Amino acid sequence: MSSSGVLSFTQQGWEQVLAKVKRAVVYLDSACAESLHWGCGSTRLLEAVGGPDCHLREFEPDAVGGGAKQPKAVFVLSCLLKGRTVEILWDIICRSHFQYCVVVTAVSHAVHLTANHVPAAAAAEMEGQQPVFEQLEEKLCEWMGNMNYTAEVFHVPLLLAPVAPHFALTPAFASLFPLLPQDVHLLNSTRPDKRKLGSLGDVDATALTPELLLQIRCLVSGLSSLCEHLGVREECFAVGSLSRVIAADLANYAPAKNRKKTAAGRASVVFMDRTLDLTGAVGHHGDNLVEKIISALPQLPGHTNDVMVNMIELTALQTEEENCNVVAPGCLAQSNDTTAKALWEALLNTKHKEAVMEVRRHLVEAASRENLPIKMSMGRVTPGQLMSYIQLFKNNLKALMNHCGLLQLGLATAQTLKHPQTAKWDNFLAFERLLLQSIGESTMSVVLNQLLPMIKPVTQRTNEDYSPEELLILLIYIYSVTGELTVDKDLGEAEEKVKKALAQVFCEESELSPLLQKITDWDSSINLTFHKSRIAVDKLFTSLRDIAGARNLMKQFKSVYVPGNHTHQASYKPLLKQVVEEIFHPERPDSIDIEHMSSGLTDLLKTGFSMFMKVSRPHPSDYPVLILFVVGGVTVSEVKMVKDLVASLKPGTQVIVLSTRLLKPFNIPELLFATDRLHPDLGF
């Protein structure tokens with residue numbers, strides 16, 4: 001099996017789409033656009049469309065329809081063809097002049113049957129038939145105004161955005177986030193008394209909302225297609241409550257039964273809940289340039305995993321802020337540029353210092369190849385030095401075209417190195433190290449009292465001080481790394497002081513950020529009273545307590561904190577590291593917290609026999625391929641850590657890291673305080 005399995009899986013899917021787009025108006029939703037962006041690049045789609053005009057459009061209610069000279073449309077969608085999605089299709093087609101419509105969905109027909117409440121037994125009898133797609137094809141012809149026009153509806157598993165050969169993301173599931181104890185109360189509100197859930201440990205598929213269950217089934221369908229492409233039969237394992245539901249659904253996914261019987265290879269798929277360890281997600285331990293780039297630079301519109309690189313330095317325009325929107329931004333994904341792609345993969349796999357030196361080396365070599373008048377300089381890499389190399393390409397169109405991808409990564413590096421957020425990164429890191437020492441020597445109340453003087457209203461803050469959003473990140477770090485709390489009078493009093501100070505700071509903000517608007521449920525600080533702010537802060541602390549108790553149900557992975565001693569300082573040990581070390585433990589113990597999900601009667605019989613006979617249950621280290629899926633997001637440093645760890649513990653094992661999104665510290669508060677965790681928007 002190829003090490004670039006995630007890339008070939010994505011590209012193979014897009015080749016099926018590209019075969020249909022010649023001279024068509026192409027409508028993409030944001031998740032499919034992101035898959036294209038990382039997998040093939042938009043230029044590949046434009047080449048396949050052909051013609052002098054650009055006919056790429058975002059799939060949305062206000063999308064421009066097709067004109068009289070545009071008879072063909074292709075819609076590429078990541079969601080179910082149902083409800084609001086079908087209404088938008090109808091609206092666009094009815095105000096266009098299409099005679100040929102192709103609709104591609106990333107969701108399989110089997111999941112469409114589930115969404116339309118077709119019983120499993122009836123769905124099994126329909127194998128090879130696609131009534132949902134066929135009905136929509138008839139509707140498309142009806143909307144185009146002539147039943148003799150052509151309509152096609154088919155499924156292509158456009159699940160992944162491949163960031164590297166061993167690492168991919170699932171843009172359509174960027175909002176999927178593990179449950180917290182407070183969600184159990186919400187689930188219980190609709191359950192009869194005799195069937196109330198006691199804790200997250202009691203959550204199974206029957207306890208979840210129909211929308212969340214359907215979202216999981218859409219993900220499982222895509223993962224099953226990936227396993228088919230890799231030619232493997234998967235054994236599923238889980239660490240955490242939501243991961244257990246996903247792993248069980250994949251293990252028992254009915255449409256995959258025949259595939260599993262004929263698969264030549266074997267793989268372990270291990271799902272893990274992000275909420276079990278948020279320390280690594282909000283912390284600044286990662287000595288990685290890419291992490292700093294995605295934290296410092298603004299998000300690329302419509303994307304969850306890429307950033308905007310300001311390209312104005314390569315133009316004749318003045319660098320004033322109003323000109324920034326005149327020039328299209330650059331980005332990190334360079335799927336069609338071999339040299340830039342090699343540099344990107346180097347940045348993912350090296351430490352910050354080596355990475356910036358690698359950027360400089362690539363720029364110097366590119367300038368030399370183009371015979372540009374470069375002045376060599378050794379020593380520390382500075383933003384000014386990188387910019388001086390980049391500007392050599394400014395008035396040379398041929399050189400610009402030849403090295404466009406490299407220049408985007410170079411500009412991203414230079415802009416990050418001089419960004420105020422990067423200077424603050426070290427402040428965060430220093431404070432986090434101080435917290436780790438304090439947690440070992442003091443109670444939680446003492447730690448919170450240390451934080452109290454740092455909570456300052458906007459009128460008293462300097463650039464060195466922490467904003468309310470940054471204070472939230474520190475609080476999440478504190479509660480996640482501390483783990484299970486001893487609730488006493490001192491803790492109650494310390495929390496009360498912090499709550500009061502935060503509520504006051506929220507009220508006094510000159511403008512509420514989008515995150516604070518979400519937390520306070522208020523658009524403006526002008527009308528935000530202290531009472532309303534305090535209610536929001538109380539809810540926030542409920543979430544913090546939930547974070548602290550996230551590992552309570554774990555028996556083995558109860559802590560990510562390693563106390564200090566006379567030779568070593570206290571430190572943080574990522575849960576991902578603990579899980580991988582446990583998987584490849586030389587004695588292969590049966591891990592209590594890495595649960596194997598049985599797939600049908602045979603596995604259940606094995607489990608039963610194992611009580612009185614020596615029957616070995618599957619172990620995640622049994623197979624040559626390990627697919628590790630972090631539900632809720634992963635950082636670049638964590639991906640590198642997993643890759644390096646597997647290579648050292650069991651060389652020859654192929655590891656693929658998948659996750660719902662690429663994380664930066666500010667993502668975690670957004671995901672934690674999302675109101676649609678139990679009721680995701682599935683587009684209908």
Side-chain angles (χ1 to χ4, degrees), residues 6 9-18 20-21 26-42 44-45 56-61 63 73-89 92 101-116 132-133 136 152-163 168-177 211-226 229 246 299-306 333 335 629 631 633 658-662 676 680-684:
V6 293
F9 172 66
T10 306
Q11 290 180 339
Q12 194 176 91
W14 277 104
E15 285 303 323
Q16 293 177 60
V17 177
L18 298 177
K20 296 286 181 182
V21 301
V26 182
Y27 295 86
L28 294 144
D29 67 14
S30 55
C32 284
E34 199 158 359
S35 171
L36 175 74
H37 178 72
W38 288 97
C40 308
S42 57
R44 181 77 186 82
L45 178 58
L56 293 193
R57 291 169 192 174
E58 185 179 358
F59 181 75
E60 58 176 358
V74 177
F75 298 87
V76 191
L77 309 173
S78 62
C79 53
L80 285 155
L81 304 176
K82 195 172 162 63
R84 194 171 70 246
T85 301
V86 173
E87 287 171 12
I88 297 170
L89 275 171
I92 294 171
C101 273
V102 179
V103 177
V104 180
T105 172
V107 181
S108 69
H109 187 265
V111 180
H112 278 84
L113 291 176
T114 304
N116 286 289
V132 178
F133 291 173
L136 183 57
E152 293 177 62
V153 178
F154 60 96
H155 160 240
V156 176
L158 303 172
L159 171 73
L160 300 179
V163 175
L169 303 160
T170 58
F173 302 93
S175 64
L176 182 64
F177 200 69
E211 302 100 309
L212 182 53
L213 207 52
L214 198 51
Q215 185 182 37
I216 288 169
R217 179 57 59 88
C218 291
L219 173 62
V220 161
S221 162
L223 291 173
S224 179
S225 296
L226 172 64
H229 175 80
I246 299 170
Q299 195 169 294
L300 193 63
H303 289 248
T304 50
N305 303 300
D306 207 341
S335 48
F629 193 113
V631 182
L658 304 178
S659 190
T660 45
R661 67 187 295 157
L662 197 55
D676 58 354
D681 182 2
L682 301 178
F684 63 85

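Everything numeric here is computed off the predicted structure, so don't read it as measured data. When reading the values below, keep in mind they use all heavy atoms of this one structure, side chains included, and skip hydrogens, waters and symmetry mates.
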Can you tell me how far the [atom1] atom of [X] sits from the [atom2] atom of [Y], to the nearest 0.5 Å?
X    : Y    : atom1 : atom2 : value
I216 : L223 : CD1   : CG    : 11.5 Å
L158 : W14  : CG    : CH2   : 5.0 Å
L214 : L80  : CG    : CG    : 5.0 Å
E60  : S30  : CD    : OG    : 10.0 Å
R57  : L28  : CZ    : CG    : 12.0 Å
F154 : H109 : CZ    : NE2   : 14.5 Å

Looking at every non-hydrogen atom in both residues, tell me the closest pair between [X] and [Y] and how far apart they are.
X    : Y    : answer
T660 : V631 : OG1-C, 4.2 Å
S108 : S221 : OG-OG, 3.0 Å
P171 : S35  : CG-N, 4.4 Å
T105 : H112 : OG1-CE1, 3.8 Å
G222 : L159 : C-CD2, 3.5 Å
D306 : E34  : N-OE2, 4.4 Å

Handout entry: Worked verdict on I246 versus F629 for side-chain contact (heavy atoms from CB on, under 4.5 Å)
Key = CA-CA 10 Å; I246 299 170; F629 193 113; 6.0 Å; no

Ignoring hydrogens and geometry, is there a side-chain-to-backbone donor-acceptor pair from [X] to [Y] under 3.5 Å?
X    : Y    : result
Q215 : L219 : no
E58  : D29  : no
T170 : A161 : no
S335 : G41  : yes

Student check: side-chain heavy atoms of [X] and [Y] closer than 4.5 Å:
X    : Y    : value
F133 : E152 : no
Q12  : V156 : no
F75  : V102 : no
L160 : L226 : yes
L45  : L36  : yes
L658 : V6   : yes
L176 : L212 : yes
I88  : F59  : yes

Problem - K82 vs L682, side-chain contact (heavy atoms from CB on, under 4.5 Å): CA-CA, chis, key distance, verdict - result: CA-CA 9 Å; K82 195 172 162 63; L682 301 178; over 6 Å; no

Exercise for the section: Could you walk me through whether V104 and K20 pass the side-chain contact (heavy atoms from CB on, under 4.5 Å) test, one step at a time? Expected result: CA-CA 10 Å; V104 180; K20 296 286 181 182; 5.8 Å; no

Practice task
List the steps and the verdict of side-chain contact (heavy atoms from CB on, under 4.5 Å) for V107 and L77.
Solution key: CA-CA 9 Å; V107 181; L77 309 173; over 6 Å; no

Exercise for the section: Measure up the F9 and H229 rings against each other and bin them: parallel (under 30°), tilted (30 to 60°), perpendicular (over 60°). Expected result: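 Plane angle between 30° and 60°, so tilted.
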
Practice task
Decide whether T10 and W38 meet the rule of one side-chain donor and one side-chain acceptor closer than 3.5 Å.
Solution key: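 Short answer, no.
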
Practice task
Before giving the answer on salt bridge (Lys or Arg N to Asp or Glu O under 4.0 Å), spell out for R44 and E15 the whole-Å C-alpha distance, their side-chain angles and the decisive distance to 0.1 Å.
Solution key: CA-CA 10 Å; R44 181 77 186 82; E15 285 303 323; 3.2 Å; yes

